[in-house]
2 protein chains.
Amino acid sequence: MTNTDRSPDTPDIQRSAPVAGGRPTKQRLAVANVLDSFDDFRSAQEIHALLGTKGENVGLATVYRTLQLLADAGEVDVLRTEEGEAAYRRCSDTHHHHLVCRTCGATVEVEGPAVERWTKSIAAEHGYRDISHTLEIFGTCASCS
Amino acid sequence: MTNTDRSPDTPDIQRSAPVAGGRPTKQRLAVANVLDSFDDFRSAQEIHALLGTKGENVGLATVYRTLQLLADAGEVDVLRTEEGEAAYRRCSDTHHHHLVCRTCGATVEVEGPAVERWTKSIAAEHGYRDISHTLEIFGTCASCS
DNA sequence: AAACAGATTGAGAACCGTTGTCAAACCGAG
DNA sequence: CTCGGTTTGACAACGGTTCTCAATCTGTTT
């Protein structure tokens with residue numbers, strides 16, 4: 001076994017962290033990749049559809065599995081919509097919230113340093129650690145009124 | 001099924017708020033009643049089962065419908081567990097949020113006047129009307145750390 | 001390079017909570 | 001009591017998510 005020839009055939013990879021504790025398969029990379037194409041929360045099915053339009057055909061079950069994997073690894077954030085669906089997005093340092101029109105779906109990203117501080121202090125006050133929170137604002141936008 | 005408008009109005013009979021905008025039927029009273037027997041959040045199915053053990057047999061669909069009615073009327077609080085199920089409980093008139101332990105489920109009610117104000121101003125600032133919002137704080141409580 | 005053992009995938013079935021269907025039961029009014 | 005709209009309940013339908021399992025792919029060993 002003295003033959004450890006690392007042929008220079010570096011496909012592509014080198015993306016942002018493959019998939020924690022798993023194999024960087026084509027499908028997983030595709031999912032990890034598509035997660036970079038949007039900033040807001042998308043449902044697993046939307047992500048699956050998105051992959052479809054990009055030519056990357058990945059089974060729905062695989063999308064779910066990969067998303068859970070990423071979520072467990074803390075690489076993506078998960079939240080439940082009011083209808084109970086899970087929505088995912090790449091976990092970013094810039095934490096922000098969404099103001100969503102319940103009629104047309106128009107979304108505005110908003111930041112609320114005050115809210116961040118408030119939730120942290122409230123949680124600490126009650127001895128809770130490892131805090132996370134979800135805050136979504138729903139309303140009817142100007143053009144839908 | 002087509003019209004759930006508030007009935008003309010009931011002259012006198014109407015003590016402890018029956019079920020907003022509907023008939024105070026046996027089933028609805030049973031659901032409203034069982035809601036007083038616990039303080040934490042219970043799923044619709046648990047509530048249905050609870051009714052069963054009390055001899056009050058109410059159809060599952062009716063339990064769901066009644067719960068939604070009560071929720072719309074603001075008489076009960078609804079929240080989505082992390083698994084996506086809806087959980088209900090009788091609620092206080094005051095609008096508040098929850099600090100939930102993601103391990104044991106212990107819940108603390110918190111109020112945030114500042115947050116209420118913030119969401120309203122943000123929404124108004126962007127021309128959104130008829131605002132509502134959801135805010136849940138998740139963490140690990142002291143005893144689960 | 002060929003073979004292996006185990007991880008991964010995908011199509012569809014299975015699950016589960018929730019909502020819709022619709023005839024029968026029910027309620028309050030007249 | 002009768003009438004018309006409301007409500008109910010058994011069950012089908014739904015939509016999202018998970019499970020099943022044979023076929024496929026991967027990294028490693030031979």
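Every chain is numbered from 1, with letters handed out A, B, ... down the list of sequences. Bear in mind that the values here come from a model prediction, so they are computed numbers and not experimental data.
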Chemist: May I have the distance from A/E85 (atom CD) to D/dT18 (atom C1'), rounded to whole angstrom?
Modeler: 16 Å
Chemist: Apply salt bridge (charged side-chain N to carboxylate O under 4.0 Å, His left out) to B/R80 and list each qualifying residue two or more places apart in sequence or on a separate chain.
Modeler: none
Chemist: For nucleotides 3-5 of chain D, which of its nitrogen or oxygen atoms have a protein nitrogen or oxygen under 3.5 Å away, and what is each distance?
Modeler:
residue : atom : partner : partner atom : Å
D/dG5   : N2   : B/R23   : NH1          : 3.1

Chemist: Would you say A/Q68 reaches D/dT18's phosphate, i.e. side-chain N/O to OP1/OP2 under 4.0 Å?
Modeler: yes
Chemist: If the cut-off is 4.0 Å, is A/Y64 near the phosphate of D/dT18, judged by side-chain N/O to OP1 or OP2?
Modeler: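 Answer is no, no contact under 4.0 Å.
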Chemist: What is the distance from CG of B/L67 to P of D/dT8, rounded to the nearest Å?
Modeler: 13 Å
Chemist: Could you walk me through whether B/L99 and A/Y128 pass side chain to side chain contact (heavy atoms under 4.5 Å, CB included), step by step?
Modeler: CA-CA 8 Å; B/L99 170 55; A/Y128 280 59; 3.8 Å; yes
Chemist: When you measure from the side chain of A/T66 to the backbone N and O of A/T62, does any donor-acceptor pair fall under 3.5 Å?
Modeler: yes
Chemist: Backbone N or O of B/G112 within a donor-acceptor pair of the B/H97 side chain at under 3.5 Å?
Modeler: no
Chemist: Atom NZ of B/K26 to atom C1' of D/dG9: distance rounded to whole Å?
Modeler: 14 Å
Chemist: Without hydrogens or angle criteria, can the side chains of B/H96 and B/E116 be said to hold a donor-acceptor pair below 3.5 Å?
Modeler: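 Their side chains do not contain a donor-acceptor pair, so the 3.5 Å distance test is not met.
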Chemist: Please confirm whether B/H133 and A/H98 have ring centers closer than 6.0 angstrom.
Modeler: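 Ring centres of A/H98 and B/H133 not closer than 6.0 Å.
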Chemist: Roughly how many Å is it from NE2 in B/H48 to P in C/dC16, rounded to a whole number?
Modeler: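 It is 17 Å, rounded to the nearest whole Å.
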Chemist: Can you check whether B/Q27 has a side-chain N or O nearer than 4.0 Å to OP1 or OP2 of D/dG9?
Modeler: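 Checking D/dG9 against B/Q27, a side-chain N or O does come within under 4.0 Å of OP1 or OP2.
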Chemist: Relative to the 5' end of DNA chain C, which residue comes earlier, B/T25 or A/L60, by the nucleotide with the nearest heavy atom?
Modeler: A/L60
Chemist: Quickly work out the A/R80 CZ to C/dC16 P distance and round it to whole Å.
Modeler: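 That distance rounds to 15 Å.
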Chemist: I need the CG-C1' distance between B/N57 and C/dA25, as an integer number of Å.
Modeler: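 After rounding, the reported distance stands at 16 Å.
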Chemist: Pairs counted only when both distances fall under 3.5 Å, Watson-Crick or G-U: show me the 5' to 3' dot-bracket for DNA chain C, [ ] for pseudoknotted crossings and | for other-strand partners.
Modeler: ||||||||||||||||||||||||||||||
Chemist: Starting at atom CD of A/E83, determine the distance to atom P of D/dC14, rounded to an integer number of angstrom.
Modeler: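 From A/E83 CD to D/dC14 P: 19 Å.
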Chemist: Search all heavy atoms of A/V31 against all heavy atoms of A/L51 and return the closest pair with its distance.
Modeler: CG2-CD1, 3.9 Å
Chemist: Any N or O donor-acceptor pair linking the side chain of B/R65 to the base of D/dG9 at under 3.5 Å?
Modeler: yes
Chemist: Between D/dG16 atom P and A/Y88 atom OH, what is the distance in whole Å?
Modeler: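 Computing the A/Y88:OH to D/dG16:P distance gives 13 Å.
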Chemist: From the options C/dG17, D/dT17, C/dG10, select the nucleotide whose nearest atom is closest to the side chain of A/Q45.
Modeler: D/dT17
Chemist: Find out if a path of hydrophobic residues (ILVMFWY) with successive side-chain heavy-atom gaps under 4.5 Å connects B/L79 to B/L35.
Modeler: no
